[in-house]
Number of protein chains: 2
Amino acid sequence: MSSDPKGGGAVSAHMTPDKQASHFKRAREARESEIIEDYVELIADLIDEHGEARAVDIGKRLGVTGATVNKMIARLKMMDLVNAEPYRSIFLTDEGRKMAEASRARHHIVVALLRAVGVDEATAWADAEGMEHCCSPETLAAFAEFVKKQGS
Amino acid sequence: MSSDPKGGGAVSAHMTPDKQASHFKRAREARESEIIEDYVELIADLIDEHGEARAVDIGKRLGVTGATVNKMIARLKMMDLVNAEPYRSIFLTDEGRKMAEASRARHHIVVALLRAVGVDEATAWADAEGMEHCCSPETLAAFAEFVKKQGS
DNA sequence: CCAAAAGTTTAGCCTTGGCTAAAAATACTA
DNA sequence: TAGTATTTTTAGCCAAGGCTAAACTTTTGG
């Protein structure tokens, strides 16, 4: 740790190569499901707000083109997360709805935790967008616990 | 928010479509730089521990094949983050070292925050692997502040 | 009721970041 | 020093998730 002026030390000093590899693997896998969950959660939001989820609105909120949305919806359909017929709006399957609920719950816990440790509202919402996908159940549980304690 | 039994509410109720789009864009960009930073940080770790960073060791720790490492190193070289000659081990440029420092510092702050809110050591290290890339400077500052306060 | 606008779909392209297999270079060891 | 073992490199594959452009529906308004 000779060249670490900040005093932290090498991350890998804490573990064996394969343990570390598994962390990175988990992070890679999280990245994969992240996009899926973003779409599913957003579809749920749109249905709640407008009664339906249209490709064009999904695209607008996600900042991607309609073509991209379309391709993704095809994937979600194959994964049995949504029901969709050509030229009609998109609906969640039971499984999709369950995923949306879970995703939303995680999102809220992360926002609450960030607020509790002093992050401002806007930043909390923005940052939670990515963080919600990296937290293990244990960490989420700890967050929930901490927030509850703070509140009381 | 009619159909939200958990009481959280739709995420998007808090913002306009384009604001939300920018959050997702930021999350996508973070995902892109994430891999780069993981490689750079790991190279720094290996140099600190072994005096050099070899492709085979990077691969082992990241859980990817040597071929993948090789391709990535070529990219890092193009980005001027590392110096590497054929069949020799890899070194960081000044810019690379700077990135590694920053990444490492973020990593440590996140771990400290997780520990402070009650996450156990092992989980903290594992989860920080992904979270470190999603935190804005504001959030990291809040984390640092919070940890400092707790400690005193 | 029909034309223009809006939305959806398809086709085809690109980059990333994985992979395997095989070739080339380096390192070790008998 | 020769031969084997390890490591690196190259070539070529794949899926994901973006994009544009163009064709095709559906919706809307005159």
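Side chains are part of it too, since the values below use all heavy atoms of this structure and drop only hydrogens, waters and symmetry mates.
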A.B. asks: Rounding to an integer number of Å, can you tell me how far B:I35 CD1 sits from D:dA16 P?
C.D. replies: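 That distance rounds to 16 Å.
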A.B. asks: Just the rounded figure in Å: distance from P of D:dA16 to CG of A:L62.
C.D. replies: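 Spelled out: CG on A:L62 to P on D:dA16 is 17 Å.
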A.B. asks: Using heavy atoms to find the nearest nucleotide of DNA chain C for A:R28 and A:P86 separately, return the residue whose nucleotide is more 5′.
C.D. replies: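 It is A:P86, whose closest nucleotide lies nearer the 5' terminus.
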A.B. asks: Between A:R115 (side chain only) and A:V119 (backbone N and O only), is there a donor and an acceptor less than 3.5 Å apart?
C.D. replies: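 At least one qualifying donor-acceptor pair exists.
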A.B. asks: Under 4.0 Å between a side-chain nitrogen and a carboxylate oxygen: does that hold for A:E129 and B:R26?
C.D. replies: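 Looking at B:R26 together with A:E129, the answer is no, because their closest N to O distance does not fall below 4.0 Å.
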A.B. asks: Under 4.0 Å: is that the gap between some side-chain N or O of A:R54 and OP1 or OP2 of C:dT8?
C.D. replies: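 No, A:R54 has no side-chain N/O under 4.0 Å of OP1/OP2 on C:dT8.
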A.B. asks: Are side-chain N/O atoms of A:S136 and B:D127 paired as donor and acceptor at under 3.5 Å?
C.D. replies: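 Checked: A:S136/B:D127 side chains pair up, N/O donor to acceptor below 3.5 Å.
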A.B. asks: In terms of side-chain heavy atoms of A:N70, which of C:dA11, D:dT9, C:dT8 is nearest?
C.D. replies: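 Taking heavy atoms from C-beta onward, the closest nucleotide is C:dT8.
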A.B. asks: How long is the line joining CD1 of B:I73 and C1' of C:dG18, in whole Å?
C.D. replies: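 Atom CD1 in B:I73 sits about 15 Å away from atom C1' in C:dG18.
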A.B. asks: From the options C:dG18, D:dT27, C:dG12, select the nucleotide whose nearest atom is closest to the side chain of A:K71.
C.D. replies: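 Of C:dG18, D:dT27, C:dG12, C:dG12 is nearest to the side chain of A:K71.
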A.B. asks: For the pair A:R61 and A:D38, evaluate salt bridge (Lys or Arg N to Asp or Glu O under 4.0 Å) and give the outcome as yes or no after the intermediate values.
C.D. replies: CA-CA 10 Å; A:R61 298 245 190 144; A:D38 284 348; over 6 Å; no
A.B. asks: Starting at the 5' end of DNA chain C, which residue's closest nucleotide do you reach first, B:Y39 or A:S89?
C.D. replies: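 Looking at DNA chain C, the more 5' nearest nucleotide goes with A:S89.
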A.B. asks: How would you label the contact of A:G59 with the nucleic acid (heavy atoms, under 4.0 Å): base, sugar-phosphate, or nothing?
C.D. replies: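 Here A:G59 touches no strand at all.
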A.B. asks: Would you mind reading off the distance between B:E34 atom CD and C:dT16 atom C1', rounded to a whole angstrom?
C.D. replies: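 After rounding, the reported distance stands at 13 Å.
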A.B. asks: How many Å lie between CG on B:D38 and P on C:dT16, as a whole number?
C.D. replies: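 Distance check: B:D38 CG to C:dT16 P gives 17 Å.
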A.B. asks: Within this structure, what is the CD-to-P distance between A:E85 and C:dT9, rounded to whole angstrom?
C.D. replies: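 Computing the A:E85:CD to C:dT9:P distance gives 11 Å.
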A.B. asks: Among C:dG7, D:dG18, C:dA11, which is the nearest nucleotide to the side chain of A:V56?
C.D. replies: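 Closest nucleotide to the A:V56 side chain: C:dG7.
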A.B. asks: Using atom CD1 of B:I58 as one end and atom C1' of D:dT9 as the other, report the distance to the nearest whole Å.
C.D. replies: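 My rounded result for the distance is 14 Å.
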A.B. asks: What I want to find out is whether A:R31 reaches B:E34 closely enough, with some N-O distance under 4.0 Å, to be called a salt bridge.
C.D. replies: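 Salt bridge flag = yes for B:E34 with A:R31.
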A.B. asks: Would you indicate which nucleotide in C:dT9, C:dA25, C:dG18 comes nearest to any side-chain atom of B:Y87?
C.D. replies: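 For B:Y87, the side-chain atoms sit closest to C:dA25.
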A.B. asks: Return the value, rounded to whole Å, for the distance between atom CD of B:E32 and atom C1' of D:dC19.
C.D. replies: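 Spelled out: CD on B:E32 to C1' on D:dC19 is 13 Å.
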A.B. asks: Counting only side-chain nitrogens and oxygens, does A:R88 get under 4.0 Å of the OP1 or OP2 atom of D:dT27?
C.D. replies: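 Answer yes for this pair, as a side-chain N or O of A:R88 is under 4.0 Å from OP1 or OP2.
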